[in-house]
Amino acid sequence: MKTFLFKSVLLCTLVFTMNSCTSDSAEELNAEERTLVTNYAYNDLETELATEINDYRESIGLNRLELINHVSFKSEEHNEYMIANQVVNHDQFEERAHNIMEVLGAVKVNENIAYNYQAPSGALNAWLNSPGHKANIEGNFTHFGISITVDPATGKKYYTNIFVKK
């Protein structure tokens, strides 16, 4: 009986200790994830793509979108993930969207990605020829973020464009 009681108390102590450590670590991580990124250095290609998207939207009677540095930073993080993992996908989109909603108070977030277009106009044309991507570009949004990142090993460009409604 004493052995059973000892093992039970030991197990409870272990579970309590593990949960305490996990909770603190998760709180620290969540605090970092909730930090607003205010600095983002746009390169010429990103500025060109932002202008092209806004010019297209304006040409069909839609509002121009305002760039938000935090959203561009999240876009760049995704490009870096895709490069590191040699994939082209929307992995962790829900986490990016949740972060943007929490940090910026967004009510809607959508994402377009592209890969290996030499010029931003090539990526934009591909998006406009895809019904889902075109719907994002023409969607009811107020803000956006853009990142174009070059894979240093291959020279290929990764594009992430996140649309936001605040």
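All values derive from a computational prediction rather than experimental measurement.
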At their closest point, which heavy atom of [X] faces which heavy atom of [Y], and how far apart are they?
X   : Y    : value
V71 : L104 : CG2-CD1, 3.5 Å
K74 : R96  : O-CD, 3.7 Å
L67 : I146 : CD2-N, 4.3 Å
Y42 : S72  : OH-OG, 2.8 Å
E76 : T149 : CG-OG1, 4.2 Å
H78 : N89  : NE2-O, 2.6 Å

[Y] and [X], any side-chain heavy atoms less than 4.5 Å apart:
X    : Y    : answer
Y56  : L128 : yes
I162 : V109 : yes
V164 : K166 : yes
S147 : Y40  : yes
I137 : K134 : no
Y158 : I148 : no

Quick check against the 3.5 Å criterion: does [X] have a side-chain atom that pairs as donor or acceptor with the backbone of [Y]?
X    : Y    : value
E58  : R64  : no
N112 : H133 : yes
W127 : N136 : no
T47  : N43  : yes
N161 : I113 : no

How many angstroms lie between atom [atom1] of [X] and atom [atom2] of [Y], to the nearest 0.5 angstrom?
X    : Y    : atom1 : atom2 : value
L49  : D44  : CG    : CG    : 12.5 Å
S121 : E48  : OG    : CD    : 6.5 Å
Q92  : M82  : CD    : CE    : 11.0 Å
L65  : K165 : CG    : NZ    : 11.0 Å
E95  : E102 : CD    : CD    : 12.5 Å

> Quick one: are the ring centres of Y115 and Y117 less than 6.0 Å apart?
Replying inline: no
> Out of V37, L36, I68, which residue meets the side-chain contact (heavy atoms from CB on, under 4.5 Å) rule with V103?
Replying inline: L36
Is a donor from one side chain sitting under 3.5 angstrom from an acceptor on the other, for [X] and [Y]?
X    : Y    : answer
H98  : E94  : no
N99  : H70  : yes
D151 : T154 : yes
T160 : N79  : yes

> Which of parallel (below 30°), tilted (30 to 60°) and perpendicular (above 60°) describes F93 and H90?
Replying inline: perpendicular
> What is the ring orientation for F141 with F163, classed by angle as parallel under 30°, tilted 30 to 60°, or perpendicular over 60°?
Replying inline: tilted
>> Between R57 and E138, does the salt bridge (Lys or Arg N to Asp or Glu O under 4.0 Å) criterion hold? Intermediate values first, please.
In response: CA-CA 6 Å; R57 286 178 58 88; E138 295 179 354; over 6 Å; no
Spell out, yes or no, whether [X] and [Y] are grouped together once hydrophobic residues are joined by side-chain heavy atoms under 4.5 Å, including indirect joins.
X    : Y    : result
V87  : I83  : yes
V107 : L62  : no
I100 : F144 : no

> More than 12 foreign heavy atoms under 6.0 Å from CG of N85: is that the case here?
Replying inline: yes
